[in-house]
Student: 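What follows is a structure written as structure tokens; I'll ask about it next.
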Amino acid sequence: MQLLNHGIPYEITSNVVDVSKRFFELPFSEREKYMSADMGSPVRYGTSYNQTNDDVFCWRDFLKLVCHPLPDALPHWPSSPLDFRKLAVSYAKEVKFLFLMLVDAILESLGLMNKKNKTEENDEDEDEDKNKEEDEDEEILKEFEDGSQLMVLNCYPPCPQPDLTLGMPPHSDYGFLTLLLQDEVKGLQIQHKENWVTVKPIPGSFVVNVGDHLEIFSNGTFKSVLHRVLVNQMNYRISVASLHCLPFKSIVQPCPKLVSETNPRHYMDTNFASFIEYLKSRDSTKENFLHSRKLTS
Ligand SMILES: O=C(O)CCC(=O)C(=O)O
Ligand SMILES: [Fe+2]
């Protein structure tokens, strides 16, 4: 899905793409300051997926920025280019707000949002049950507000032999939703009915990708989307992905209200620790993470 007319000023999206480009143009000595093998680091620069244990490298540099809680993470973000933090922060805040609007709509589409209706006059018993449900629904939304946000700046340099490699191999995103901004260079493809379809870049628009957690939470109503990135001989390509999840410590599970005798749960509980375990043990012959959380009956 591509999202247009989302209300985020074009200046903010184009500035974050521009400052990302300038970060990747810095001398390596400046960029390498942010290299870290620690997956929990608030800022991490690297190549491929994980240059310490990938067998085959992808044609990609990345900078990962933890965005939540922002006051703790921000002092670790790059201070060069000089306007980096300012532009990345204003983008991160806008995109989080947009994510929450999308969550609200998704919860409603799943029948999980009973909007508070303060003006309506109902009889009192009914009111009490209704209020309880409304409170539970507000709780879910509150958890998303406190949820984690990870921003990934991707840079795919021109490649002399693009047919021999990929910018990113096929994967689905860990997390609930990813809001992805791409520059005007083609490269992103999503899998649709066994075919790879190129997503046409529309300046200022967001590609919204369903992540593994939304598939689990919705008990399979939403399906996470497999995607990959091609590289080309001519152009640098920049993308900025904002991955949104529940708080790191939360258990992700099919929403109890969506599970019933006729619609049993299709996924095990999961959390961030099990994902890290999976990443460490990953080899290219293994099933993907979501698959490893599926219940078979
Ligand atoms: O560069 C892109 O278009 C996709 C990036 C992506 O899939 C990711 O960062 O997870
Ligand atoms: Fe992705």
Side-chain angles (χ1 to χ4, degrees), residues 1-3 13-14 16-21 23-24 34 39 41 43-51 54 57-67 88 91-92 95-96 99 102 148-159 162 165-192 196-216 222-232 234-245 272 275-276 278-279 282 284 288-291:
M1 176 174 93
Q2 294 223 57
L3 192 61
T13 56
S14 61
V16 81
V17 170
D18 178 66
V19 81
S20 304
K21 203 173 276 175
F23 172 82
F24 290 112
Y34 304 101
M39 300 281 284
S41 167
V43 53
R44 202 154 63 82
Y45 173 74
T47 287
S48 191
Y49 248 102
N50 184 344
Q51 71 269 14
D54 287 358
F57 281 3
C58 297
W59 204 264
R60 162 203 190 219
D61 283 353
F62 66 83
L63 181 73
K64 294 193 178 179
L65 303 168
V66 170
C67 304
Y91 176 76
V95 86
K96 172 78 179 221
F99 163 72
L102 292 174
S148 63
Q149 179 182 5
L150 180 70
M151 222 153 63
V152 186
L153 319 183
N154 297 300
C155 169
Y156 309 92
C159 175
T165 186
L166 283 170
M168 252 202 215
H171 68 281
S172 60
D173 290 343
Y174 173 84
F176 200 83
L177 277 187
T178 301
L179 278 82
L180 178 80
L181 197 62
Q182 46 174 349
D183 68 5
E184 70 286 356
V185 182
K186 280 192 209 140
L188 174 65
Q189 294 192 316
I190 58 160
Q191 199 175 51
H192 180 65
W196 286 109
V197 181
T198 300
V199 180
K200 188 175 154 224
I202 306 174
S205 78
F206 287 96
V207 178
V208 181
N209 281 335
V210 171
D212 293 349
H213 288 178
L214 177 50
E215 179 165 336
I216 295 173
F222 284 87
K223 298 282 184 225
S224 75
V225 58
L226 213 55
H227 52 286
R228 67 176 188 183
V229 180
L230 304 183
V231 286
N232 71 81
M234 303 292 288
N235 297 305
Y236 268 86
R237 177 170 180 275
I238 297 282
S239 70
V240 180
S242 187
L243 282 79
H244 300 264
C245 309
F272 191 63
F275 181 61
I276 296 286
Y278 164 81
L279 281 186
R282 187 169 69 165
S284 52
N288 70 26
F289 178 67
L290 183 63
H291 204 260

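Whatever order the structure lists them in is the order used to number ligands and atoms, beginning at 1. Computation of the quantities below employed the complete heavy-atom set of this structure, encompassing side-chain atoms and omitting hydrogens, waters and symmetry-equivalent molecules. In this chain, numbering begins with 1 at the start of the sequence shown. This one's a predicted model, so the numbers in the text were calculated from it and none came from an experiment.
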Student: Please could you name the atoms of ligand 1 that Tyr156 approaches to less than 4.0 Å, counting only its heavy atoms?
Tutor: 1 (O), 2 (C), 4 (C), 5 (C)
Student: Quick one: is the NZ or CZ of Lys21 closer than 6.0 Å to the six-membered ring centre of Phe24, and within 45° of its axis?
Tutor: no
Student: Any idea which N/O/S atom from His171 gets closest to the Fe ion (ligand 2)?
Tutor: NE2
Student: Given 3.5 Å as the limit, does a donor-acceptor pair link the side chain of Thr178 with the main chain of Leu180, or not?
Tutor: no
Student: Using distance alone, with no hydrogens and no angle criterion, decide if Asp173 and His213 have a side-chain donor and acceptor under 3.5 Å apart.
Tutor: no
Student: At a non-hydrogen distance cut-off of under 4.0 Å, which region of Val207 contacts ligand 1 (side chain, backbone, both, or neither)?
Tutor: neither
Student: List every atom of ligand 1 that sits less than 4.0 Å from any heavy atom of Ala241, numbering the atoms from 1 in the order shown and giving each element.
Tutor: 9 (O)
Student: Side chains of Thr47 and Arg60: closer than 4.5 Å at any heavy-atom pair?
Tutor: no
Student: Is the backbone N or O of Cys245 less than 3.5 Å from a side-chain atom of Gln149, with the two atoms forming a donor-acceptor pair by type?
Tutor: no
Student: Is it true that a side-chain atom of Gln2 and a backbone atom of Lys200 form a donor plus acceptor pair closer than 3.5 Å?
Tutor: yes
Student: With a cut-off of 4.0 Å, which atoms of ligand 1 are near a heavy atom of Ser239?
Tutor: 1 (O), 2 (C), 3 (O)
Student: Should Gln182 be listed as contacting ligand 1, given a heavy-atom distance under 4.0 Å as the test?
Tutor: no
Student: Using a strict cut-off of 4.0 Å, indicate which atoms of ligand 1 neighbour a heavy atom of His227.
Tutor: 7 (O)
Student: For Arg237 and ligand 1, does the shortest N/O to N/O distance drop below 3.5 Å?
Tutor: yes
Student: Does any non-hydrogen side-chain atom of Lys96 lie less than 4.5 Å from one of His244?
Tutor: yes
Student: Can you tell which part of Thr178 has a heavy atom less than 4.0 Å from ligand 1: side chain, backbone, both or neither?
Tutor: neither
Student: Mark yes or no for whether Trp59, through its side chain, and Met168, through its backbone, hold a donor-acceptor pair below 3.5 Å.
Tutor: no
Student: Could you identify the N, O or S atom of Asp173 positioned closest to the Fe ion (ligand 2)?
Tutor: OD1
Student: What do we get for Phe62 next to ligand 1 when only non-hydrogen atoms under 4.0 Å count, side chain, backbone, both or neither?
Tutor: neither
Student: Can you tell me the N, O or S atom of His227 that's nearest the Fe ion (ligand 2)?
Tutor: NE2
